[in-house]
Structure formats: structure tokens, C-alpha cells
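Order of the sequence lines fixes the chain letters, A, B, ..., with proteins taken first and strands second; residue numbering starts at 1 for each chain. Remember, predicted model here, so these are calculated numbers, not experimental data.
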There are 2 protein chains.
Amino acid sequence: MEAAEIEELLTRKGVKPTPQRMVIADFLLHTFSHPTADEVLAAVENRLPCALSRATVYNTLNSLVAAGVIQEVVTEAGKTRYDANISEHHHFVDRKSGRIFDIPGDMVPKLKDNLGDKFQVHNYQITFYGDLLEDA
Amino acid sequence: MEAAEIEELLTRKGVKPTPQRMVIADFLLHTFSHPTADEVLAAVENRLPCALSRATVYNTLNSLVAAGVIQEVVTEAGKTRYDANISEHHHFVDRKSGRIFDIPGDMVPKLKDNLGDKFQVHNYQITFYGDLLEDA
DNA sequence: TCTCTCTTTAGACTTATTCTAAATGCAGAC
DNA sequence: GTCTGCATTTAGAATAAGTCTAAAGAGAGA
Ligand SMILES: [Mn+2]
Ligand SMILES: [Mn+2]
Ligand SMILES: [Zn+2]
Ligand SMILES: [Zn+2]
């Protein structure tokens, strides 16, 4: 995804593409690592000609979530992670390394209609915890 | 569950049953509400003859989790909740009220064996988000 | 150019959780 | 029954994640 596409994506989702938002979106759209806000800050602060504020990182992440460009992922207490993969998918957390892997939605049976008529499910997320075998 | 049973449970799991641990475990074993640490503190502090420290609440919750008496449940960023229901089950979060409901494990198809041979799943949790219909 | 509005910034603030160091409470040894 | 040692509890300090604030900056349109 190149700059023009990212700019078009942000504009289409109603987020004005400022330089700060562009580098943050660009970083998230090109990583598989489900970074925290601090990791985003560390990764992009040297891609801008001037200082990048922690507040701007949080503001931007919250705006991108609200606009549906990225999603929050919470796999462990106290750490919010961000994911530019907004397709229906789930997560596997390696208990040893803590690394998070995407599990495509179609690798898991669909669950929306199993809960009876009391719970109307809008969305759901599955987090698997276990051991990564064949080290990838 | 009465006091003697809770005492026996803690002892069997290797947690010495102090008065503080007893009231915290007793509260958790008798609620369906998935409380936060602060909610636990507020609920039990007047059940003890003397002051209860925030540190003790956290120490106890962490000990009970480590011993497998309770589990952590994270359904939203920044809030750790505790659940004395350690049977295999999942959660439904009402988007309007934030209330959390238990979804028995057998209401959802088993997923452990769907992920191929790269991911060895130890456990997993499903969080459903949606709207509670027929107000219960 | 002027002005309005949105954005960014640094740092203060809040909230959740952990750490620290001192006091307390028992259980076993004597 | 007293002593002693270790685990537990306590209040408050410290840390960490995230939000708020007030002032500065930047761009779009009149
Ligand atoms: Mn993902
Ligand atoms: Mn539960
Ligand atoms: Zn690209
Ligand atoms: Zn009972």
C-alpha cells in the first residue's frame, strides 16, 4: 500500500490525512505485529521531521479505531494493541514469546447464531493461547 | 458454598485461607458479576473487622488466579475482571449496559482442533459483543 | 491577508496496578 | 507458654497506560 492509497483510505473513512496520521496508519498497515501505542510511537517518531507527541499517537489511534480503519485487540490485561487487519479474524498468542498471530476467520466455524434468542451478537473475537510449534 | 468448603478449596489449591482471602474468595464464588479489583474491595471491606488494603486485594486476586481458583477476564481495554467460574465458558458483553453474561462452553462448538499443526492450543476464550434482548 | 477550525504539543493529571518497608500474625521449636 | 521465623498484611510510594489541558501551529476558505 503506497502513500496515495493510505491517504485515500483515511479520507474515505473521514479522517483528515495529516502527516502524523499518515505515518501511523502506514506503519500499522505494513506490520503483522499488533503493536501497543508505545511501540507505534517508537516505530514512527523518526519518520517525521519534528517531534511526535504521545497524545497525538493516542488521539490518532482512537480516531482510526472510531473510523473503522484499525481495531483494538486485547489479549492480555493492561495492554491495548492495535491491528490494521479489520477483516474478520482471530488471534493466537504464543504463551512463551507472547507473539500474536492472525487466525483467518474462515479457519474457525462461524458462531453468530449459537446463542439463542436472548443475545443478539454484533461481533465476537476468539483468542487462542498455546504453544507455537514449528518455529515460524 | 459455605465457609468450610471455601477453606477446603483454598487449602487444596495451596493457598493458605486467611480471613482476607476467605472473604474475597467467598464474594467471588457467590457473584455472577465479573467484578474488577476495586469492585471486590468495595464489596468485601466491610466484611472484615479491620481495614483491608488495596494491595492485599491485588495480592489475593493474583494468588487465586495463579492457584487456578479464579480466572482473569478481559473484555475491554484497561479493565481486568475476575471470575470464580473456571469451567470452560465464554462471555457475552451487552454493548449498552456493559454487563457480562456467561455463555456455557457447550453452547458453542469446540474449536481446539481447527488450527492446523503449527498452533497447539492450550485454551481459548470467546467474547461476544452485542445487544441483550429480552431484558433479564 | 484574515480568520476559523482542527490538529498537535508538552506536560499535568488520572486510574489501574505493583512495589516497598514496616508491622502483624501464626505455626512450629523449645 | 515463650521464642523465632516466615508468610501475610498494611499504608503509602512508585510505575505505567491513557486522558486531559491549555497554548501553539497549520491549513482551508472568505
Ligand atoms: Mn490481527
Ligand atoms: Mn464468566
Ligand atoms: Zn504500502
Ligand atoms: Zn456459600
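Atoms CG (B:Asp38) and C1' (C:dT17) sit 10 Å apart, rounded to a whole Å. Atom CG of B:Leu48 and atom C1' of D:dA11 are 16 Å apart (whole Å). Atom CD of B:Glu45 and atom C1' of D:dT9 are 15 Å apart (whole Å). Between B:Leu10 atom CG and D:dA7 atom C1' there is a gap of 15 Å when expressed in whole angstrom units. Atom pair A:Leu41:CG and C:dT9:C1' shows a separation of 13 Å (rounding to whole Å applied). Rounded to a whole Å, the CG atom of B:Asn59 is 9 Å from the P atom of C:dC19. For the pair B:Met22 CE and D:dT9 P, the interatomic distance rounds to 13 Å; values are reported in whole Å.
For A:Cys50, whose side chain is taken as the heavy atoms from C-beta onward, the closest listed nucleotide among C:dT17, C:dT9, D:dG18 is C:dT9. The listed nucleotides are D:dG18, D:dT8, C:dA16; the one nearest the side chain of A:Tyr58 is D:dG18. Nearest nucleotide to the A:Gln20 side chain, out of D:dT8, D:dG18, C:dT8: C:dT8.
Think of A:Ile86 as one node in a network of Ile, Leu, Val, Met, Phe, Trp and Tyr side chains linked at under 4.5 Å; it has no links at all. In the hydrophobic clustering, B:Tyr129 connects to B:Val93, B:Ile100, either directly or through intervening members, whenever side-chain heavy atoms lie under 4.5 Å apart.
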*Apply the test side-chain hydrogen bond (donor to acceptor under 3.5 Å, both in side chains) to residues B:Asp106 and B:His89: give CA-CA distance (whole Å), side-chain angles for both, the deciding distance (0.1 Å), then the verdict.*
CA-CA 8 Å; B:Asp106 56 21; B:His89 73 285; over 6 Å; no

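Taking the six-membered ring for Trp, A:Phe128 and B:Tyr124 have ring centres closer than 6.0 Å.
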Extract from the structure each pairing of a protein N or O with an N or O of nucleotides 24-30 of chain D at less than 3.5 Å, listing the distance.
none

Contacts under 3.5 Å, N or O only, protein and nucleotides 10-15 of chain C:
| from | atom 1 | to | atom 2 | distance (Å) |
| --- | --- | --- | --- | --- |
| C:dA10 | N7 | A:Ser53 | OG | 3.2 |

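A distance-only check finds no donor-acceptor pair linking the side chain of B:His122 to the backbone of A:Arg95 [under 3.5 Å].
Within residues 67-79 of chain B, no residue places a heavy atom under 4.0 Å from DNA chain D.
Of all the heavy atoms in A:Thr36 and A:Tyr82, the pair that sits closest is C-CD1, 4.5 Å.
Taken from CD in B:Glu39 to NZ in B:Lys79, the straight-line distance is 7.5 Å, to the nearest 0.5 Å. The line from CG of B:Leu133 to CG of B:Asp94 is 9.0 Å long, rounded to the nearest 0.5 Å.
Contacts of A:Thr80 with the nucleic acid, taken as non-hydrogen atoms under 4.0 Å apart, involve only primed sugar atoms and P, OP1 or OP2. If you check every strand for non-hydrogen atoms under 4.0 Å, B:Thr18 touches sugar and phosphate atoms only.
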Solution key, residues 56-74 of chain A side-chain donor-acceptor pairs under 3.5 Å, sequence neighbours excluded:
| from | atom 1 | to | atom 2 | distance (Å) |
| --- | --- | --- | --- | --- |
| A:Asn59 | ND2 | A:Ala55 | O | 3.3 |
| A:Thr60 | OG1 | A:Thr56 | O | 2.8 |
| A:Asn62 | ND2 | A:Tyr58 | O | 3.3 |
| A:Ser63 | OG | A:Asn59 | O | 2.9 |
| A:Gln71 | NE2 | A:Asn85 | O | 2.9 |

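Ranked by how close their nearest DNA chain D nucleotide is to the 5' end, A:Tyr82 and B:Thr56 are led by B:Thr56.
Side chains of B:Asp102 and B:His90: no donor on one and acceptor on the other come within 3.5 Å.
Remark: B:Asn46 CG is packed, more than 12 non-hydrogen atoms of other residues, nucleotides or ligands lying under 6.0 Å away.
With respect to B:Lys96 and B:Asp131, no salt bridge is recorded, no charged nitrogen being found less than 4.0 Å from a carboxylate O.
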